[in-house]
Amino acid sequence: MSRARLAVAVCVVVAVAAFFAAGGPSYFTFDNLKAQQAALEHWREMHPWGAALGFFAVYIAFTSLSLPAASVLTVLAGAIFGPWLGVLLVSFASAIGATLAMLLARFVLREWVQRRFHAQLAGINRGIEKEGAFYLFTLRLVPAFPYFLINLAMGLTPIRAWTFYWVSQLAMFPATVLYVNAGTQLARLDSLRGILSWQLVGALVLLGIFPLAAKKALEFAKARRVYARWNKPARFERNLVVIGAGSAGLVAAYIAAAVRAKVTLIEKGRMGGDCLNTGCVPSKALIRSAKLLSQIRRADEFGLRASAQVDFGKVMERVQRVIREIEPHDSVERYTQLGVECIQGEARLTSPWSVEVNGRTLTTRSIVIATGAEPFVPPIPGIRDAECLTSETVWNLRELPPRLLVLGGGPIGCELAQAFARLGSQVTQVEMLPRILPREDAEFSAMVAEQMRADGVNVLTGHKAARFIGRTLVCEHDGTEKQIPFDALLCAVGRVARTRGFGLEALGIGVSKARTVETNEFLQTVYPNIYACGDVAGPYQFTHVGAHQAWYASVNALFGFARKFRADYSVIPWATFTEPEVARVGLNELEARERGVPYEATVYGLDDLDRAIADGTARGRIKVLTAPGSDRVLGATIAGEHAGDLIAEFVAAMRHGFGLNKILGTIHIYPTLAEANKYAAGAWKKAHAPQRALAVMERLHAWRRG
Ligand SMILES: Cc1cc2nc3c(=O)[nH]c(=O)nc-3n(C[C@H](O)[C@H](O)[C@H](O)COP(=O)(O)OP(=O)(O)OC[C@H]3O[C@@H](n4cnc5c(N)ncnc54)[C@H](O)[C@@H]3O)c2cc1C
């Protein structure tokens, strides 16, 4: 905690303690109030302005310090100032006092609370940002929630101060009127409890939940409006239709079948989608051949005499063999056995409850759109004539291009550029930004770039592709033009969601700025019974994220009438399968700084790890970000052999809320790469060793030695 925060916290605690020590609560009792009524009225008659301003200031001071006197003071306002002036004074003083209390709590505690419980609070923060005013209004009107507690709790959320102020003033107004009015009848009152009858409490509760209920009703009406122009079938043949049998669609259908729903999965291309056929699987199979070759080239280092020649056609045949071996996992046969009806054909939405495929119309209660994404080819002049390959077509190559130009320095561009270079292509990689893998911390980009250059890739960052002239790229760099001739061009500048040509436009389902299907936090489109997941929904483009979203889409589609779940993106890991492999979960330094999240970074170098040294892979590092003064993991990046596997321990730590102390206290098998995680935790522990206790121990041991 900073000094300023500590000073403010101490002042508040001292003020509250002084109030209690001086017997404050005994003055602010109902009986004392009645006893002092005459004296107070006299005071007000003698000094009308001074009394009003003094009361106003005292009210603000007491409420901003959260002292337990607000109700009594409100009644007092009625007793000494009458209904009109009483309400005026209290209405403003209570809203100002509440806002000051909220700001005090925010200043002292919010940063710490948000940092400590970042993952748990993510959903609440989103809710408050979207609907904070509604929640506050309800809380204020329902008398069961104490005034001071609401002020303090709201201070820990991202609600805007102005919103807090005006909603508080508005929502507290009815209770203010009631209490002040009761104060005008003070002589006849027996206790504060008598002010609120159960009928009045009931009315306030109703008033409180009215805005939320009205909002829900509005949403319901909005949903009805989008459905208004469609004829809803009297009954549905299916519970769910899933469009697209990629990673996301397969999981959505699997879950529906597992809970015995009637589900149909429609695929226009190959079962398994991008991941199996043109994405993860072929790329990893190609990378394996390239890696093996790079290892054979190091044979001498391991005391071996070996050499290898590349038969590129056979390498690509192996890629296809690997696909065929994995294919049964995603096959029509397997899914049919699981209870999914699989249809081969191009699906088109014809209404919110019907999908047309192969001339048939299927009716369904809900629909999941999982149509994935496709490579984006930028409109650079001449690119069409350059016969650009993409991640969809590169797998058809059977001859190694002598000179390959790779556009794009993201994960796909880097993985393929390195693999082709290792297999013998002369690869030039062109990236517009100042470095490759720009989402990762600069040191990890540099490690990958260095290895890629060592593998023979001509990595050109800060180069903007301007135009193609036949098989030559003209690019701009530092104000000059450079020409790069090539035999084959691979475009890997990103992938864009498949949102066209299957009825989204006709239904009026919107597309976001990121060109993904617009969904809410439940993955619902504008039609509450139509969901989207996977690459088509974004914001991530990974197989495991598509599968994760598919659970939400499927469960919400089938059981949303009873309960819906918000898609949780609080702990999303990923890896780039270059050498060194780069894996990440949570924040890196770049994002922590961008978001203003305070952190401590602990680094462990893999060059120190016994197993890595024995394997000849002693390169790379683990960087763990923790909350300052705590072992709680905010994020981790690993560059090195099997980084994508090693990161799993940090993913579990973040997901299940255990810290580096627990990782350090876990037995890791010797000698393994996984030990690196423990050593990273050990490096953190060493940096946080209790120096004073160690000094005492040193003296103790010296004394025992005599
Ligand atoms: C080269 C490359 C390497 C990758 N490596 C990795 C990796 O290592 N790890 C990782 O996590 N991710 C990786 N990815 C990303 C991963 O492949 C995708 O995130 C994942 O496949 C997305 O799954 P999906 O189900 O959303 O979409 P897809 O897999 O694209 O599936 C969508 C399916 O919908 C079908 N479809 C579309 N429209 C219709 C229609 N109207 N009717 C019927 N069917 C339709 C398509 O034919 C397609 O089969 C890689 C991608 C590429 C290109």
Side-chain angles (χ1 to χ4, degrees), residues 241-254 264-288 319 323 330 332 342-350 355-358 362 367-376 389-395 406 408 410-420 490-504 516-517 523 531-550 553-554 572-578 581-584 643-644:
V241 165
V242 180
I243 305 179
S247 327
L250 286 167
V251 174
Y254 177 98
T264 299
L265 176 63
I266 308 174
E267 171 56 54
K268 70 171 178 181
R270 289 157 74 184
M271 293 286 284
D274 276 5
C275 182
L276 173 62
N277 301 295
T278 56
C280 332
V281 172
S283 61
K284 267 76 256 179
L286 183 77
I287 286 168
R288 182 70 192 105
V319 168
I323 293 174
D330 299 347
V332 168
C342 298
I343 298 181
Q344 196 70 39
E346 182 157 2
R348 196 168 59 84
L349 297 164
T350 47
V355 176
E356 198 181 270
V357 59
N358 303 335
L362 319 178
I367 296 168
V368 169
I369 299 167
T371 50
E374 57 202 8
F376 171 65
L389 294 166
T390 66
S391 60
E392 281 183 354
T393 52
V394 70
W395 312 110
V406 178
I412 296 175
C414 288
E415 287 182 6
L416 295 181
Q418 188 178 50
F420 273 90
L490 173 65
C491 184
V493 295
R495 290 161 62 244
V496 59
R498 283 192 198 100
T499 55
R500 299 210 181 140
F502 59 95
L504 290 186
T516 50
V517 167
L523 298 174
Y531 293 76
C533 58
D535 284 7
V536 75
Y540 297 92
Q541 290 185 332
F542 299 112
T543 288
H544 46 279
V545 180
H548 175 70
Q549 288 179 320
S554 196
I572 301 286
W574 64 82
T576 302
F577 296 89
T578 42
E581 209 164 286
V582 181
R584 173 135 78 93

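Small disclaimer: the values here were computed from a predicted structure and weren't measured. When a ligand or atom number is given, it counts from 1 through the structure's own listing order.
Without hydrogens or angle criteria, S247 side chain to T543 main chain gives no donor-acceptor distance under 3.5 Å. Checked by atom type and distance alone, the side chain of E267 never pairs as donor or acceptor with a backbone atom of Q344 at under 3.5 Å.
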Quick check for students: name every N or O atom pair between ligand 1 and the protein closer than 3.5 Å, with distances.
residue  : atom   : partner : partner atom : Å
ligand 1 : 5 (N)  : K284    : NZ           : 3.2
ligand 1 : 8 (O)  : K284    : NZ           : 2.8
ligand 1 : 11 (O) : T543    : N            : 2.9
ligand 1 : 11 (O) : H544    : ND1          : 3.4
ligand 1 : 12 (N) : T543    : N            : 3.4
ligand 1 : 19 (O) : D535    : OD1          : 2.9
ligand 1 : 19 (O) : D535    : OD2          : 3.2
ligand 1 : 19 (O) : Q541    : O            : 3.4
ligand 1 : 19 (O) : F542    : N            : 3.3
ligand 1 : 21 (O) : C275    : N            : 3.3
ligand 1 : 25 (O) : S247    : N            : 3.1
ligand 1 : 25 (O) : A248    : N            : 2.9
ligand 1 : 26 (O) : D535    : N            : 2.8
ligand 1 : 29 (O) : D274    : N            : 2.8
ligand 1 : 30 (O) : D274    : OD2          : 3.4
ligand 1 : 30 (O) : R498    : NH1          : 3.3
ligand 1 : 41 (N) : A347    : O            : 3.1
ligand 1 : 42 (N) : A347    : N            : 2.9
ligand 1 : 44 (N) : K268    : N            : 3.1
ligand 1 : 47 (O) : E267    : OE2          : 2.6
ligand 1 : 49 (O) : E267    : OE1          : 2.8
ligand 1 : 49 (O) : E267    : OE2          : 3.0

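The side-chain hydrogen bond (donor to acceptor under 3.5 Å, both in side chains) test with D535 is passed by exactly one of R498, R495, Q541: R495.
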For the pair I243 and L349, evaluate side chain to side chain contact (heavy atoms under 4.5 Å, CB included) and give the outcome as yes or no after the intermediate values.
-> CA-CA 9 Å; I243 305 179; L349 297 164; 4.0 Å; yes
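Summarising the local packing, OH of Y254 is surrounded by 12 or fewer heavy atoms from other residues, nucleotides or ligands at distances under 6.0 Å.
Here CD1 of I572 is found 9.0 Å from CZ of F542. Values are rounded to the nearest 0.5 Å.
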